[in-house]
Amino acid sequence: MSSAEWVIRNEDDAWALLKEACSVKELSAFDIKFDNWPVLDIKLVGDQFSSNLSTKMMEAFIELQKNINRTYARLYYNYSTARGITNEDKEQIELFVQVSPGSSEYKINLQKIVEKFVKGVAGKMTGKQATIIIVSGALMWTSHSAFKAYLESQKEMKGIEMRQLAGDQETQRMKIFADAMKHEPQVAFTKADAEEVYNKVLKAASTAKTLQMSGTKIKGQEAQKLARATRSVSEEVNLSGEYRVVKIDNSKSDHFEVKVNDGMEGMFTARLDDSLIISQDEVWKILEAALRSREPVRLMIEGVKVRGEITKATITDVPVRHARK
């Protein structure tokens, strides 16, 4: 596809662009402009919420900030977590919540944040990739269709009898989103993270008369029924494979760390298992050689994932050391 400029002024524009991005083979020099979008608007009605921000609502905003940080880390650094992003990065993608005077209406304008995303990925991925990942994230964070579809899925999963919460438009738009996940699997992580934000908002609204989020209005009692227990299920995974060594750190007194990248899981830090300490010099020579040469080395790694992210990793062996004996 030739150079083009898309100006996104609202959710309809964003869905149209995402559909287009999924349907073409190439997006050459794709130029995305945002015009006062995306914006997240949340309103809670109830005496206790007037001019107040509850701790549960604060948790939802903090979860959204974590979501944005993780997405940026995946895009800009290819990290599996947000731990590696700089303080300067955090300042540039920091959320600011606007609270309307005398009410419990909260607005977050994400335009500058998504513009930072676009600028940050220039030259790091194709226009098609950047468009799908960034627009999908913006929609998951602010779209009334995405929120409605989530509510409908929760209603069906929990077997709750209540009015229909999503219609044909949401069904069609979720098909577009499913297509986006096929093209860029990391979009699924952003979706899972956004759904944690939705759930925290529902919990915060459980004692309100009504909740209105991104134009979708439900009763507080409905929010209470639709909310679920927060899930952070951990999964033990085998991460063994070919890795490029990015950094070696022996500065810590109680353990050694190696930052690695395989191009799929992204960049993450793994501790050296205690059993390898006795072979420290031998292992260190292999890792340092891999660092200098920038050639991949096979590493046996055991890890733990939470919601698709590597939260813990341990190098249990460096097989090439046995071949040298």
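Both backbone and side-chain heavy atoms feed into the values below; hydrogens, waters and symmetry mates do not.
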Closer than 4.0 angstrom, basic N to acidic O: yes or no for [X] and [Y]?
X: Lys155; Y: Glu222; answer: no
X: Glu195; Y: Lys191; answer: yes
X: Arg70; Y: Glu63; answer: yes

Legend entry - Ser206 side-chain N/O to Lys203 backbone N/O, donor-acceptor pair under 3.5 Å: yes
Inset, instruction - Return yes if some donor-acceptor pair links the side-chain N/O of Ser240 with the main-chain N/O of Ile301 below 3.5 Å, else return no. - result: yes
Inset, instruction - Measure from the ring center of Tyr243 to the ring center of Phe268 and say whether it is less than 6.0 Å. - result: yes
Legend entry - Parallel, tilted or perpendicular, as decided by the 30° and 60° cut-offs, for the rings of Tyr72 and Tyr77: perpendicular
Inset, instruction - Give a yes or no on this: more than 12 heavy atoms of other residues, nucleotides or ligands lie within 6.0 Å of atom CZ of Arg294. - result: no
Inset, instruction - Decide whether Asp13 and Trp37 meet the rule of one side-chain donor and one side-chain acceptor closer than 3.5 Å. - result: no
Inset, instruction - Answer yes or no: is there a side-chain heavy-atom contact under 4.5 Å between Val114 and Ile32? - result: no
Inset, instruction - Report the C-alpha distance between Arg173 and Glu11 in whole Å, list the side-chain angles of each, state the deciding distance to 0.1 Å, and finish with yes or no for salt bridge (Lys or Arg N to Asp or Glu O under 4.0 Å). - result: CA-CA 11 Å; Arg173 286 179 169 178; Glu11 180 178 341; 3.3 Å; yes
Inset, instruction - Report the distance from atom CG of Leu165 to atom CD of Glu152, rounding to the nearest 0.5 Å. - result: 5.0 Å
Legend entry - Spatial distance of atom CG (Leu202) from atom CZ (Arg228) [nearest 0.5 Å]: 9.0 Å
